[in-house]
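Residue numbers count from 1 along this sequence.
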Amino acid sequence: MNHQYSFAIAPYLRELPLFSDMQPAELERVAEGCIVRRASRGEMLFRVGDPCDELHAVISGQVKLFALAPNGQEKVIELISPGQTFAEALMFTGRPYIVNAQALTETSLLTVKRIAIMREIEADHRFALRMLAGISRKLHGLIHDVESYSLRSGTQRVIGYLLHGETPSLPCAYGESTQQRTVTLPVSKATLASRLSLTPEYFSRVLHELIEAGLIEVDKRQIRIQDTERLSQYQMMAA
């Protein structure tokens, strides 16, 4: 990762849910245990087995958390967007990273050292409760993912994402109309397919199926939904 650069850390920390209730003096103390760095597109931030004694927040850009199967196949675990944090839970275990992290675009990253977090927890136990709340929200998201993968077909997962941005870590950009909507995919189709536990080929087949049904139009990462109600009805019938 590239060298540290100048950034107003304390004001940014206040914008993160984990730190939003802290007083200015507390934020300044945490800021002393932070590092802000830039990563280039495709750069690895950490790998499985690297020591984990910190949590991270994305300032700008996007980070991919992923695992690799023995055959080299990649499974995207989560996509981290600006304002989101990651590695909070693992930081407390004292164990090394269990996933890989890679910058998908030019990315600015805030790293908060474990020692700074522990100091504030010892000073104010309410901070520990906020940490637990954040970790619980992520656990809820993982449970939602498991339910979706277990109970919904691939077609239903794709449509659910197009309609609702169903996967919490993958915010879509939507147009204005409630009937016609344009979805801008935040990542490549292959990466999104992996996030939804689908192969790129299957994901493409679903898109072609929806195109042939007159439900969507696709232009690279721009997907125009012709009628959200019709697409929703199609999702209910898809097996």
Side-chain angles (χ1 to χ4, degrees), residues 39 41-48 56-58 60-90 97-107 109 134-135 137-174 181-211 216 218-225 231-232 234-235 238:
R41 179 180 179 181
E43 184 175 345
M44 294 298 299
L45 307 180
F46 54 76
R47 289 180 169 85
V48 172
H56 310 278
V58 174
S60 63
Q62 192 167 52
V63 171
K64 173 179 68 176
L65 303 183
F66 68 98
L68 290 174
N71 63 1
Q73 184 175 0
E74 179 182 294
K75 168 62 178 116
V76 177
I77 306 300
E78 191 172 4
L79 292 164
I80 313 297
S81 298
Q84 293 182 312
T85 56
F86 59 103
E88 305 97 314
L90 190 62
Y97 288 109
I98 57 176
V99 296
N100 306 286
Q102 182 181 36
L104 289 179
T105 64
E106 295 289 328
T107 296
L109 191 74
I135 293 170
R137 283 193 296 271
K138 291 211 167 186
L139 177 60
H140 178 76
L142 290 173
I143 293 173
H144 180 275
D145 284 350
V146 171
E147 290 177 344
S148 175
Y149 303 155
S150 302
L151 302 177
R152 297 186 180 185
S153 70
T155 299
Q156 289 173 326
R157 275 176 256 162
V158 173
I159 294 175
Y161 174 73
L162 295 177
L163 286 173
H164 309 297
E166 188 175 15
T167 307
S169 62
L170 285 176
C172 297
Y174 295 116
R181 176 182 299 167
T182 299
V183 179
T184 302
L185 302 184
V187 291
S188 69
K189 295 184 181 71
T191 300
L192 179 55
S194 178
R195 181 65 184 92
L196 297 176
S197 287
L198 303 171
T199 65
E201 295 77 14
Y202 188 95
F203 185 79
S204 293
R205 285 201 301 272
V206 171
L207 292 183
H208 285 301
E209 176 186 336
L210 299 179
I211 291 170
I216 65 171
V218 178
D219 180 14
K220 297 180 181 178
R221 291 191 185 181
Q222 298 276 328
I223 299 180
R224 182 174 179 80
I225 301 173
L231 187 58
S232 180
Y234 193 91
Q235 181 190 29

Exercise for the section: State, yes or no, whether a side-chain contact exists between Val206 and Leu198 at a heavy-atom distance under 4.5 Å. Expected result: no
Exercise for the section: Start with the C-alpha distance between Val58 and Leu109, add both sets of side-chain angles, then the distance that settles side-chain contact (heavy atoms from CB on, under 4.5 Å), and finish with yes or no. Expected result: CA-CA 5 Å; Val58 174; Leu109 191 74; 4.0 Å; yes
Problem - From CD (Glu88) to CG (Leu90), nearest 0.5 Å - result: 10.0 Å
Handout entry: Heavy-atom donor-acceptor pair, Gln156 side chain to Ser153 backbone, under 3.5 Å
Key = yes
Exercise for the section: First locate atom NZ of Lys75, then atom CG of Leu68, and finally report the distance between them rounded to the nearest 0.5 Å. Expected result: 12.5 Å
Exercise for the section: Rounded to the nearest 0.5 Å, what's the gap from NZ on Lys189 to CG on Leu207? Could you check? Expected result: 7.0 Å
Handout entry: Minimum-distance pair of heavy atoms, taken over all atoms of Gly61 and Thr105
Key = CA-OG1, 3.3 Å
Handout entry: Spacing of CZ belonging to Arg157 relative to CZ belonging to Arg195, to within rounding of 0.5 Å
Key = 11.5 Å
Problem - By side-chain hydrogen bond (donor to acceptor under 3.5 Å, both in side chains) - contacts of Ser194 (at least two apart) - result: none
Handout entry: Within 6.0 angstrom of Ile211 CD1, more than 12 heavy atoms from elsewhere
Key = yes
Practice task
Begin with the C-alpha distance, continue with both residues' side-chain angles, and end with the deciding distance and a verdict on side-chain contact (heavy atoms from CB on, under 4.5 Å) for Ile216 and Val183.
Solution key: CA-CA 10 Å; Ile216 65 171; Val183 179; over 6 Å; no
Handout entry: Heavy-atom closest pair, residues Thr191 and Val76
Key = O-CG2, 3.9 Å
Problem - Between CZ on residue Arg41 and CD on residue Gln102, distance to nearest 0.5 Å - result: 10.0 Å
Practice task
Report, as yes or no, whether the 6.0 Å neighbourhood of atom CZ on Arg221 holds more than 12 heavy atoms from other residues, nucleotides or ligands.
Solution key: yes
Handout entry: Stepwise side-chain contact (heavy atoms from CB on, under 4.5 Å) check, Tyr202 with Thr155
Key = CA-CA 9 Å; Tyr202 188 95; Thr155 299; 3.8 Å; yes
Practice task
I would like to know whether Leu65 and Phe46 meet side-chain contact (heavy atoms from CB on, under 4.5 Å); could you show each step before the answer?
Solution key: CA-CA 10 Å; Leu65 303 183; Phe46 54 76; 4.3 Å; yes
Exercise for the section: List the atom of Leu192, the atom of Leu185, and the distance in Å for their closest heavy-atom pair. Expected result: CD2-CD2, 3.8 Å
Problem - Whether over 12 other heavy atoms sit under 6.0 Å from Arg224 CZ - result: yes
Handout entry: Expected output: side-chain Lys64 to main-chain Asn100 donor-acceptor under 3.5 Å
Key = no
Practice task
Of all the heavy-atom pairs spanning Val187 and Gln62, show the shortest one and how long it is.
Solution key: CG1-OE1, 3.0 Å
Exercise for the section: Could you grab the distance from atom CG of Leu45 to atom CZ of Phe86, nearest 0.5 Å is fine? Expected result: 6.0 Å
Problem - Closest non-hydrogen atom pair between Ala103 and Ala39, with its separation - result: CB-CB, 4.1 Å
Completion exercise
Heavy-atom closest pair (Met44 atom, Phe66 atom, distance to 0.1 Å) is CE-CZ, 3.9 Å
